[in-house]
> 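This is the structure I want to talk about, given as structure tokens.
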Amino acid sequence: MTRLLKKSKICFMENTQIAHIFEHMAEMLELKGGNQFRVRAYQNTARALNNLSERVEDMVQAGSDLSKLPNIGKSSAEKIKEIVETGTCKRLQELKSEIPESLTELIQIPQLGARKVKLINDKLGVESVEDLETACKEHRVRELEGMGAKTEENILKGIQTVQAASGRTMLKEALEQVNAIGRLLEERTEISQWQVAGSFRRQRETVGDLDILVESTDRNATADSILGSDLVEDVIGSGQQKVSVRLYGGLQVDFRFFEKDAFGAALMYFTGSKSHNIAVRQRAIESGWKLNEYGLFEDNKQIGGKTEEDIYRSLDMSWVPPELREDAGEIEAAVNGELPCLVEQSQMYGDLHCHTVASDGKNTIEEMAFAAKARGYEYLGICDHSKAVSVANGLDEERILKHASDIREVSEKFRDFRIMAGIEVDILKDGTLDLDEEVLSQLDWVTASTHFHLNLSSEDMTKRLLKAIKSGVVNCIGHPFARQIGRRDPIIFDVDEVFSACADYGVCLEINSQPERLDLLDVYCRKAKEAGIKMVISTDAHTADDLDFMRFGIGIARRGWLEKDDILNTRPQNDLAAFLEGDKFC
DNA sequence: GCCGTTTTCGGCCCGACTGTTTTCAGTCG
């Protein structure tokens, strides 16, 4: 947090940074023992900010009334304005003066909530993770009321988990674990169905844990097989309804047992998101019903719950794809029959961004082409790096022309498949492109990306991107925000201006499917669609296997409410060629 | 702190598990 606040003095406040402040205030207020509904209100404000596609700072500067936004009232609107203008707010400073800020680190530890942290702080003076670890090892925690030896043990385990996992797991790793768990569950004959729920099913870019629902005719046998699995490092808990384990690598998995009649209700409940569930449950209440993980009930009679579809139908709504369940407009759309028909992997005709051994890829043109064709594609765009990315052996003008010639020669050998000679040209600090525009105009597909000088001011970064977009030789902006999850924050620019220029100049935006990038963010997918921009879902593959990253990009596109027609590479080869000729199909 | 077809007060999702104590509080999702 200190880092964020310092940063705000030298650059613009992003929505996520402001949201962090509200999350932080919620934590501190909870630690202080403040009103739980006020805590939730701060959390809701943080969520609302994260779901917003507009930059809230721009809205403040434009004089917009923020209290018109859902879950943001007069008080929060004033705080947001104050944060934008000063980098902090009085309420945060007050809370900091009342509660040691370091305590917020302690509530990140599993099994440790605000009340226990407060008790441990009050009675033992523990203020840091290190203090807590020492107190547990010296058996001082067990002396407190409501605490015991087991609590100490769990806290020590929790500290290990937090330190080892350092937060959330990226979707790619989670997928690997799901596949391993799937192999285990598929072998069990007593299991009639199982499903992964939670943020994994919603295709969030990272997951905190895995929620797996199981219908089993013999829960004890299933639980034993899970607890005895080689995947499991540690057992967190085990009962008739739920088995919780920690896998090697630190990821927590909760297996929850449900009967057939409740499976749909459980799937819905544990898929979340929390705010979507609350909204749907509220709708049930309005009909005089009760909705929980066991079904939809009228008085005590179950009237639905076997499938998600029957619950949504009972509530007079369309079934909502999991990726949309964020309480970001999907409830209203489902009620009005206006949900989008989301893009699917089977609709992809090609991949327009991959690398070869010519720069920093691991496979040849032929190998990448065979791999793409094997995935059912009609075309593959090869976009190696340009010379500015010297560490990746980027190509200069002479090498790219030779490379393009090689690509076209290989392409001739394929039937019903085209390899496009492209480039991932660097957008230099001042917005000029890293290769001669005359050379670029000879290529089939030009993706332009930023890799260096990522800390420019919003004004300079906007100018830089606009210059590239308006060059007339660029087809697509690669990984537009240049962020890397958990490692590098997004670059900052005037989104409205840049998106508007993309729409005017027919430049696409890439949805980069690399698991650590996933860039565009979902909220910007929606915004880009509204701006009338075509998007391209690309893998940025550096090996043939990386072409499978497409599923992660599809997930983000779906979270961004995108449909087939919003995506250029859902088009067959002929349509793509027509688009490149300037035919702006709808 | 937010919200409103019961609108300026009063309600805000709710059930399972754990660890503790022995009937319940805290945590989690």
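Only heavy atoms go into these numbers, but all of them, side chains included; no hydrogens, no water, no symmetry mates. All figures in this text were calculated on a predicted structure; none of them were measured in a lab. Numbers restart at 1 for each chain; the letters A, B, ... are given by sequence-line order, proteins then strands.
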> Does OP1 or OP2 of B:dC13 have a side-chain N or O of A:R281 closer than 4.0 Å?
no

> In plain terms, say whether A:D122 and A:K118 are close enough for a salt bridge, that is, a side-chain N and a carboxylate O under 4.0 Å apart.
yes

> Could you check whether any side-chain N or O of A:E127 sits under 3.5 Å from a backbone N or O of A:P100, counting only pairs where one atom can act as donor and the other as acceptor?
no

> Rounded to whole angstrom units, what separation is found between the CD atom of A:Q282 and the P atom of B:dG4?
11 Å

> Grab the NZ-C1' distance between A:K68 and B:dC3 for me, whole Å please.
15 Å

> Let me know the distance between CD of A:E286 and C1' of B:dT6, rounded to the nearest Å.
13 Å

> Check whether any side-chain N or O of A:T151 sits under 4.0 Å from OP1 or OP2 of B:dG19, and answer yes or no.
no

> Are any of the side-chain heavy atoms of A:F258 and A:E215 separated by less than 4.5 Å?
no

> According to a strict under-4.0 Å criterion, is A:N44 in side-chain N/O contact with OP1 or OP2 of B:dG1?
no

> Would you give a per-nucleotide map of nucleotides 21-29 of chain B, 5' to 3', where B means the base has a protein non-hydrogen atom under 4.0 Å away, S means only the sugar-phosphate does, and - means neither?
-----SSSB

> Would you measure the distance from the C1' atom in B:dT7 across to the matching atom in B:dC12 and give it in whole Å?
15 Å

> Please state the P separation for the pair B:dG26 and B:dT20 - nearest whole angstrom.
14 Å

> Over how many whole Å does the gap from A:I285 atom CD1 to B:dC13 atom C1' extend?
7 Å

> Would you name the heavy atoms of A:L324 and A:L342 that are closest together and state the gap between them?
CG-CD1, 4.0 Å

> If each of A:G237 and A:R38 is mapped to the nucleotide of DNA chain B with the nearest heavy atom, which maps nearer the 5' terminus, i.e. the 5' end?
A:R38

> Figure out the CG/P separation between A:D327 and B:dC2, and round it to whole Å.
16 Å

> By the salt bridge (Lys or Arg N to Asp or Glu O under 4.0 Å) test, which pairs, at least two apart or in different chains, include something from residues 23-33 of chain A?
A:K32-A:E98

> Under a 4.0 Å heavy-atom cut-off, which of residues 306-322 of chain A touch DNA chain B?
none

> Does A:T45 or A:F37 map to a spot on DNA chain B nearer the 5' end, using the closest nucleotide for each?
A:T45

> Would a 4.5 Å heavy-atom cut-off, applied to side chains only, mark A:L251 and A:R246 as touching?
no

> State which residues pass side chain to side chain contact (heavy atoms under 4.5 Å, CB included) with A:E344; sequence neighbours excluded, sorted by chain then number.
A:S346, A:Q347, A:R558

> Where do A:E530 and A:R526 land on the salt bridge (Lys or Arg N to Asp or Glu O under 4.0 Å) test, with the steps shown first?
CA-CA 6 Å; A:E530 283 164 17; A:R526 285 182 83 168; 5.1 Å; no

> A:E259 CD to B:dA16 P: how many Å, rounded?
14 Å

> What I want to find out is whether A:E94 reaches A:R91 closely enough, with some N-O distance under 4.0 Å, to be called a salt bridge.
yes

> Report yes if at least one side-chain N or O of A:S76 is closer than 4.0 Å to OP1 or OP2 of B:dC2; otherwise report no.
yes

> Of all residues at least two apart in sequence or in a different chain, which pass the side chain to side chain contact (heavy atoms under 4.5 Å, CB included) check with A:D548?
A:R375

> Please measure how far the P atom in B:dC13 lies from the corresponding atom in B:dT18, and state the result in whole Å.
25 Å

> Does A:E563 come within less than 4.0 Å of A:K529, counting only side-chain N to carboxylate O?
yes

> Could I get a table of every N or O pair under 3.5 Å where one atom is in the protein and the other is in nucleotides 7-11 of chain B?
none

> Counting any heavy atom closer than 4.0 Å, what does A:K118 reach on the DNA or RNA strands: base, sugar-phosphate only, or nothing?
nothing

> Tell me: CZ of A:R40 to P of B:dC14, nearest whole Å?
10 Å

> Return the orientation label for the A:Y524 and A:F499 ring planes: parallel under 30°, perpendicular over 60°, tilted otherwise.
perpendicular

> Once you round it to whole Å, what is the distance between P of B:dT20 and CD1 of A:I155?
10 Å

> Could you measure between the two P atoms, the one in B:dT6 and the one in B:dC2, and give it in whole Å?
23 Å

> With P as the reference atom in both, quote the distance from B:dG10 to B:dG15 in angstrom, rounded to an integer.
26 Å

> Does A:S244 have a side-chain nitrogen or oxygen under 4.0 Å from the phosphate oxygens OP1 or OP2 of B:dC17?
no

> Just checking A:S67: base, sugar-phosphate only, or nothing, at a heavy-atom cut-off of under 4.0 Å?
nothing

> Taking atom CD1 of A:I303 and atom OG of A:S314, what is their separation to the nearest 0.5 Å?
5.5 Å

> Check every strand shown and say whether A:A149 touches a base, only sugar-phosphate, or nothing at a heavy-atom separation below 4.0 Å.
sugar-phosphate

